[in-house]
Amino acid sequence: MGFNTDEASSSSRSMKIPGEDAPFLGQNQQLSSLSKTFANIFMSLVGAGILGLPYTFKRTGWVMGSLLVISVAALTYYCMMLLVYSRRKLESQSEAAKISSFGDLGFAVCGPVGRFVVDAMIVLSQACFSVGYMIFIANTLVYLFNSSSTETNTKIFGFSPKSVYIWGCFPFQLGLNSIPTLTLLAPLSIFAEIVDLGALGVVMVDNVLIYLKNRPSLEMFGGFSVFFYGLGVAVYAFEGMGMVLPLESEMRDKEKFGKILGLSVAFVAFLYGAFGALGYFAFGEETKDIITTNFGQGLLSSLVQLGLCIDLFLAFPLMMNPVYEVMERRFCEGRYCLWLRWLVVLAVPFVAVTVPNFADFMSLVGSSVCVVLGFVLPALFHLIAFKDELGWCRLALDAAFIVMGTAFALYGTSSSLIKIFS
């Protein structure tokens with residue numbers, strides 16, 4: 001992206017980062033290899049957002065949708081590297097500086113206010129991703145087991161099927177989220193990603209077969225009115241900004257992190273574009289907000305949908321781990337706190353049962369906290385960290401990210417809220 005290696009050199013000054021002496025991802029004794037770093041980046045980027053991309057392509061058109069995914073991928077990579085080089089610059093100024101997380105960087109650049117803003121954005125974004133997981137699981141189970149009863153407003157024990165499935169997951173999530181470290185959750189993560197990739201592969205192959213059979217009419221461009229909607233969903237889909245600094249700090253050969261990160265983001269962008277386009281190609285204007293509900297209730301499609309539900313169910317505690325790290329550091333002096341974790345888990349179903357549409361929810365989250373966390377804050381921190389060294393071109397670029405990101409967050413959030421409440 002045109003970064004200079006000498007950006008990380010400067011005069012020394014004293015700086016200490018309080019409150020986060022432990023690494024963000026837990027205490028690891030071994031540094032990650034290139035292949036493991038690639039896998040970790042992939043797992044941190046890919047989430048439930050991919051399942052709403054075909055519906056987004058239906059609204060934006062498949063060409064506009066593809067261009068949005070590619071553009072957001074490039075901008076996301078650029079801003080991720082801004083975080084990496086800002087951290088390296090600040091750590092080079094003092095041997096006492098140890099920046100292990102996004103929140104540490106916020107403190108190093110802007111003091112307690114910077115840490116608070118980053119922590120708030122991370123809590124909101126990660127919690128909203130988890131809400132999206134619960135919505136997807138509940139909607140899929142309703143489609144598989146209650147599709148006929150929902151049309152006649154049949155209740156389960158007096159409650160809607162969606163609410164029953166969301167709250168049915170709650171006691172099991174209490175147990176999973178009680179696991180204290182990511183190290184103990186690693187086997188679940190590996191199993192979840194294997195299931196995820198297998199299920200997504202089956203869906204994409206099925207989409208190709210359905211398209212060759214039906215060949216529905218398709219739109220290339222959806223118009224300016226849906227541009228910000230599609231941009232919000234695309235930003236939501238690339239959800240790993242908060243994990244970049246911990247992953248880079250745990251890599252053995254840090255000089256190659258930029259290349260590995262670029263390859264990972266490019267691979268995910270290709271996967272997103274192909275999945276979104278093929279889903280829209282298969283069903284055209286009949287594409288639903290969660291693509292798996294377009295498939296029939298046959299054995300194969302049911303197994304695929306259940307596999308995706310299992311993947312997101314097991315990924316829920318991994319997605320919530322950054323929330324616990326922030327909450328326990330702020331309210332429990334960094335110590336493990338079971339009741340605080342349970343209280344946070346309790347809040348997720350309350351939000352999930354009130355959200356009517358999965359794709360609209362993704363657009364809202366992507367347009368608000370994800371834009372601020374993914375574009376505005378990295379550019380702001382980079383601008384402050386290199387304020388004495390940036391040329392006018394790089395200065396203008398950082399300022400453009402800040403201004404345009406803020407404007408998009410305000411407009412995109414308002415338009416998404418209007419869409420949801422309408």
Side-chain angles (χ1 to χ4, degrees), residues 46-58 129-173 176 188 191-211 213-214 275-276 278-317 319 348-349 351-362:
V46 177
I50 189 174
L51 301 172
L53 287 175
Y55 176 79
T56 303
F57 277 44
K58 181 190 81 167
F129 295 147
S130 301
V131 169
Y133 288 5
M134 288 293 100
I135 295 171
F136 171 81
I137 292 171
N139 286 352
T140 301
L141 294 179
V142 168
Y143 175 76
L144 290 177
F145 302 116
N146 304 94
S147 59
S148 60
S149 62
T150 54
E151 297 175 358
T152 58
N153 295 322
T154 301
K155 304 291 185 178
I156 300 178
F157 302 115
F159 300 95
S160 67
K162 177 183 175 181
S163 299
V164 171
Y165 290 128
I166 288 176
W167 286 108
C169 295
F170 174 68
F172 299 98
Q173 287 298 340
L176 287 175
L188 293 180
F191 176 74
E193 290 306 317
I194 292 175
V195 172
D196 187 26
L197 289 175
L200 292 177
V202 172
V203 171
M204 294 175 70
V205 171
D206 211 8
N207 285 338
V208 172
L209 298 178
I210 294 173
Y211 170 72
K213 179 180 179 181
N214 298 331
F275 189 86
L278 290 176
Y280 175 45
F281 285 1
F283 300 102
E285 291 303 310
E286 301 300 320
T287 306
K288 299 180 180 179
D289 63 329
I290 299 178
I291 184 61
T292 51
T293 57
N294 274 108
F295 296 97
Q297 295 178 321
L299 178 60
L300 179 60
S301 63
S302 297
L303 290 176
V304 169
Q305 294 178 70
L306 289 174
L308 291 172
C309 288
I310 293 173
D311 166 47
L312 298 183
F313 183 85
L314 296 178
F316 184 97
M319 190 58 59
V348 172
V351 178
V353 296
T354 63
V355 176
N357 184 280
F358 179 70
D360 290 341
F361 177 77
M362 286 196 304

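- Rounding to the nearest 0.5 angstrom, the gap separating the CD1 atom in I135 from the OG1 atom in T354 is 7.5 Å.
- A pairwise comparison of heavy atoms in A138 and I166 identifies CB-CG1, 3.4 Å as the closest pair.
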**Request:** Begin with the C-alpha distance, continue with both residues' side-chain angles, and end with the deciding distance and a verdict on side chain to side chain contact (heavy atoms under 4.5 Å, CB included) for Y280 and E285.
**Result:** CA-CA 8 Å; Y280 175 45; E285 291 303 310; 3.7 Å; yes
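- With contacts defined as side-chain heavy-atom distances shorter than 4.5 Å, the pair F283/N207 qualifies.
- One finds the CG atom of L144 at 5.5 Å from the CG atom of L306 (value rounded to the nearest 0.5 Å).
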**Request:** Please test L176 against F313 for side chain to side chain contact (heavy atoms under 4.5 Å, CB included), starting from the C-alpha separation and ending with a verdict.
**Result:** CA-CA 10 Å; L176 287 175; F313 183 85; 3.6 Å; yes
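- Nearest heavy-atom pair, I210 versus A282, reported as atom, atom and distance to 0.1 Å: CG2-O, 3.4 Å.
- The side-chain contact (heavy atoms from CB on, under 4.5 Å) check on F170 picks up W167, L174, V345, L346, P349, with sequence neighbours excluded.
- Listed here is the closest heavy atom pair of M204 and F275: CG-CD1, 3.5 Å.
- The CG atom of N139 sits 11.0 Å away from atom NZ of K288, with the distance rounded to the nearest 0.5 Å.
- Looking at residues two or more places apart in sequence or on another chain, you find no side chain to side chain donor-acceptor pair (under 3.5 Å) involving T140.
- With sequence neighbours excluded, the residues forming a ring pair (Phe, Tyr, Trp, His ring centres under 6.0 Å) with F281 are W62, Y211, listed by chain and number.
- Expressed to the nearest 0.5 Å, how far CZ of F57 lies from CG of L278 amounts to 9.5 Å.
- The structure places CG of L141 at 4.5 Å from SG of C309, a figure rounded to the nearest 0.5 Å.
- Rounding to the nearest 0.5 Å gives a distance of 5.0 Å between CZ of F316 and CE of M134.
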